[in-house]
Structures are given as C-alpha cells and as structure tokens.
2 protein chains.
Amino acid sequence: MEPIDIFKALSNETRLNILLWLKDPEKHFPKQGAHLPKEVSYKGGVCVGDIQEKAKVSQSTVSHYLNMMQKAGLLESVRYGQWTYYRRNEEAISQFAEYFKTEI
Amino acid sequence: MEPIDIFKALSNETRLNILLWLKDPEKHFPKQGAHLPKEVSYKGGVCVGDIQEKAKVSQSTVSHYLNMMQKAGLLESVRYGQWTYYRRNEEAISQFAEYFKTEI
DNA sequence: TTGACATATATAGAAATATCGATATAATAG
DNA sequence: CTATTATATCGATATTTCTATATATGTCAA
C-alpha cells in the first residue's frame, strides 16, 4: 500500500466522487444491473459504462481512472462476460484510514 | 476543509515527509532552535531554513510547499522576528483522519 | 541608514498528469 | 463468421504540477 498513490488517486474530484458513489451503488446507479441476475450485480460492483455515464467523462478517461484507483488499492474489479464490475476494496480503505489516523 | 486540497498536499513525497518529520521535531531537526529561547522554539515549530536543509529542495520550493500545506489546513505558522516557524495543526489533522474514516 | 540574513513571491521551463478520439481486444448475439 | 457492445489501450494535445532562478520584502544588528 503506497500512501502517495492513494493520495494521488483521491486528489481528483471525479475520482473521489466515484469512490463515494460506490459506497451506495443502489442510490447512485439506480438503473444498473440490467445485464445480470440480481444476486450478482451489486455484490460484484458497478460496471464501467454506468460509472462513465454518471461521471460525465469519456470512456477512456473513466477506464484510466478506475485502473489507477485499483492499482492504488482503493477498488477491486470482477469481470462477468463482457462487463467489468468495480467495487470498493473496503478492507484496504479502512486499513488506510487506520494508517492515516495513527501514522500521519 | 477541502479534502481535495489535503489529498493534493499529501500526494508529494517531500510534503508528506515534512508532515511526518514535524510529528517529532526534536528527533528530525536536532540542531534547530538556535535562534530562540528554548521554551519558545519547539512549541512554535520548526523554521523554514531547517526544514529546507532536511528536505533538500530549494528555499523557494520549501516555502511554496509549506504555504500550500498551511492553506490546506495541515500546518500552522508563527512568526518570531525574521523566522517563520511551522508546526502541525493537530486538530485539523485528526479531524481529517476522522472524516476519512467515516466519510470515505 | 546600511548591510546581512530569512522568508516570500514572481516567473518560467521541464516534467507529470489529464483527457480526448481512435483503435484494439474481448465477449456475445445472430 | 460477422456484427454489436463493453472495456482497455494508444497517441496526441491540453493542463497542471514541480522546482529552480531571480527578485522583493521584512527583520535585525551595527
């Protein structure tokens, strides 16, 4: 876990918003999950296209952002067929919160 | 308190180090405090010149960094004569740690 | 006041990052 | 196989950040 990478990932408003939206996918991505059986969809996260639509940046930009956030450890992804679902890596996030509280 | 500004301030290794060094000034700036009476020096923080020497960047860069970190709320400064002493703004920092834990 | 030193600000070139359109890849449907 | 859809990657350009030099401001001491 590289603190600098995490801080960089969070120092952009769109990326920070994505992380916050993913705290409550049902609320922020209401029409998502059309592709897949219900029991899979939210648990697996939100697909790139839905995030892009909400974030209002180009598809390539959102893909880049998600990749960056995943590399930083904030997100994790699962692929179902042609869709990649991103969700928060809660363990890494709360681990980092703890690091911040004690070490920073 | 603007989270984005705080994340930006912390997304540079030198700036992050400065914040960490200032957790224990006696340890990281052993020869500091030559200018002033003991009871004032550490309580008031560490002067720009000492931070510059440790950080090994130019004087203008360190001044710029410290200003940025102060604007983000991470540091506060006191001026004694011609010296400006910077120290951590512990209240803001732990407030932000709490924000991170609960909101991010 | 003058000169020496500490810090701040202005500016500018270099480096890094952001962001888009285009293209590539991969999965699925027909 | 071919067409379609979702996502990833590439290449180019725009923007931001980094960091230095130069300059200005403020303080102290003689």
Side-chain angles (χ1 to χ4, degrees), chain A residues 2 4-19 22 29 31-37 40-41 44-72 74-87, chain B residues 2 4-18 22 29 31-37 40-41 44-72 75-87:
Chain A
E2 278 302 322
I4 298 281
D5 292 336
I6 294 178
F7 288 129
K8 272 186 190 162
L10 296 174
S11 68
N12 169 287
E13 190 161 7
T14 301
R15 288 192 298 261
L16 181 56
N17 279 332
I18 290 172
L19 195 68
L22 290 176
F29 304 93
K31 51 177 228 184
Q32 99 100 36
H35 328 294
L36 282 175
V40 161
S41 64
V46 178
C47 75
V48 179
D50 288 344
I51 298 174
Q52 183 207 342
E53 192 176 323
K54 174 103 180 165
K56 292 187 176 61
V57 292
S58 76
Q59 185 269 323
S60 65
T61 298
V62 86
S63 175
H64 181 211
Y65 280 179
L66 294 169
N67 189 258
M68 172 187 294
M69 293 169 81
Q70 180 171 28
K71 274 184 181 153
L74 296 166
L75 300 182
E76 54 195 358
S77 66
V78 200
R79 181 151 194 156
Y80 293 110
Q82 63 201 121
W83 290 277
T84 304
Y85 288 79
Y86 282 90
R87 66 182 170 209
Chain B
E2 278 303 321
I4 298 282
D5 292 337
I6 293 178
F7 288 128
K8 273 186 190 163
L10 295 175
S11 68
N12 170 286
E13 190 161 7
T14 302
R15 288 192 298 262
L16 181 57
N17 279 332
I18 290 172
L22 289 175
F29 304 95
K31 51 176 229 182
Q32 99 100 35
H35 326 294
L36 283 173
V40 160
S41 63
V46 178
C47 75
V48 178
D50 289 344
I51 298 173
Q52 182 208 340
E53 191 176 327
K54 174 102 180 166
K56 294 188 175 60
V57 293
S58 76
Q59 183 271 322
S60 67
T61 297
V62 86
S63 175
H64 181 208
Y65 281 179
L66 293 169
N67 191 257
M68 171 188 295
M69 293 170 81
Q70 181 170 28
K71 275 183 181 152
L75 300 181
E76 54 195 358
S77 66
V78 199
R79 181 154 192 154
Y80 293 110
Q82 64 199 121
W83 289 277
T84 303
Y85 287 78
Y86 283 90
R87 65 181 171 210

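Keep in mind that what you see is a predicted model, and the values were worked out from it rather than measured. Scope of the values below: all heavy atoms of this structure, side chains included, with no hydrogens, waters or symmetry mates. Protein chains get the first letters and strands the later ones, always in sequence-line order, with residue 1 at the start of each.
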Any side-chain N or O of B/T61 less than 4.0 Å from the OP1 or OP2 oxygen of D/dT19? no

Write down the distance between CE (A/M69) and C1' (D/dT7), rounded to a whole number of angstrom. 17 Å

Rounded interatomic separation in angstrom, taking OH from B/Y85 and C1' from C/dT7: 12 Å

Reading nucleotides 22-30 of chain C 5' to 3', which nucleotides get B (base under 4.0 Å from a protein heavy atom), which S (sugar-phosphate only), which -? B----BS--

To the nearest angstrom, how far is A/I4 atom CD1 from C/dT17 atom C1'? 15 Å

Below 4.0 angstrom from OP1 or OP2 of C/dA6, is there any side-chain N or O of B/Y86? no

Nearest-nucleotide pick for B/C47, side chain only, options being C/dC20, C/dT7, D/dA20: C/dT7

Is the shortest side-chain heavy-atom distance between B/N17 and B/K54 below 4.5 Å? no

Holding to side chain to side chain donor-acceptor pair (under 3.5 Å), I want the full list of residues that pass it with A/S63, two or more places apart in sequence or in another chain. none

If you look at every heavy atom in A/Y85 and A/G45, which pair is closest and at what distance? CD2-O, 3.2 Å

Contact check, residues 5-13 of chain A vs DNA chain D, heavy-atom distance under 4.0 Å, returns none

Considering residues at least two apart in sequence or located in another chain, which fulfil the side-chain contact (heavy atoms from CB on, under 4.5 Å) criterion with A/E2? A/D5

Would you please name every residue forming a side chain to side chain donor-acceptor pair (under 3.5 Å) with B/S11, sequence neighbours left out? none

Side chains of B/N67 and B/K71 in contact at under 4.5 Å (non-hydrogen atoms): yes

Between C1' of D/dT15 and NE2 of A/H64, the distance in whole Å: 15 Å

Whether B/Y65 contacts D/dA20 is assessed here as follows: a side-chain N or O lying under 4.0 Å from the phosphate OP1 or OP2. Is that the case? no

Short side-chain N/O contact to C/dA6 OP1/OP2 from B/T84, under 4.0 Å: no

Which whole-number value in Å describes the distance from A/I51 CD1 to D/dA8 C1'? 14 Å

With sequence neighbours left out, what residues match B/Y65 under ring pair (Phe, Tyr, Trp, His ring centres under 6.0 Å)? none

In whole Å, what is the span from the CD atom of A/E53 to the C1' atom of D/dT5? 15 Å

A/T14: partners by side chain to side chain donor-acceptor pair (under 3.5 Å), with sequence neighbours left out: none

Any non-hydrogen side-chain atom of B/F29 less than 4.5 Å from a side-chain atom of B/L22? yes

Counting runs of three or more consecutive pairs, Watson-Crick or G-U wobble, with each distance below 3.5 Å, where are the stems of DNA chain C? C:1-30 with D:1-30

Rounded to whole Å, please give me the gap between CG in B/L66 and P in C/dT9. 12 Å

Residues that A/T84 engages under side-chain contact (heavy atoms from CB on, under 4.5 Å), provided they are two or more places apart: A/V48, A/S77, A/R79, A/Y86

Of all heavy-atom pairs linking A/M69 and A/R15, the shortest is CE-O, 3.2 Å

Nucleotide nearest B/N67 (side chain, heavy atoms from C-beta), chosen from C/dT7, D/dT9, C/dT9: C/dT9

Rounded to the nearest angstrom, tell me the gap between atom CD in B/Q70 and atom C1' in C/dA8. 12 Å

So, using side-chain contact (heavy atoms from CB on, under 4.5 Å) as the criterion, who are the partners of B/I4 when residues are at least two apart? A/E13, A/L16, B/K8

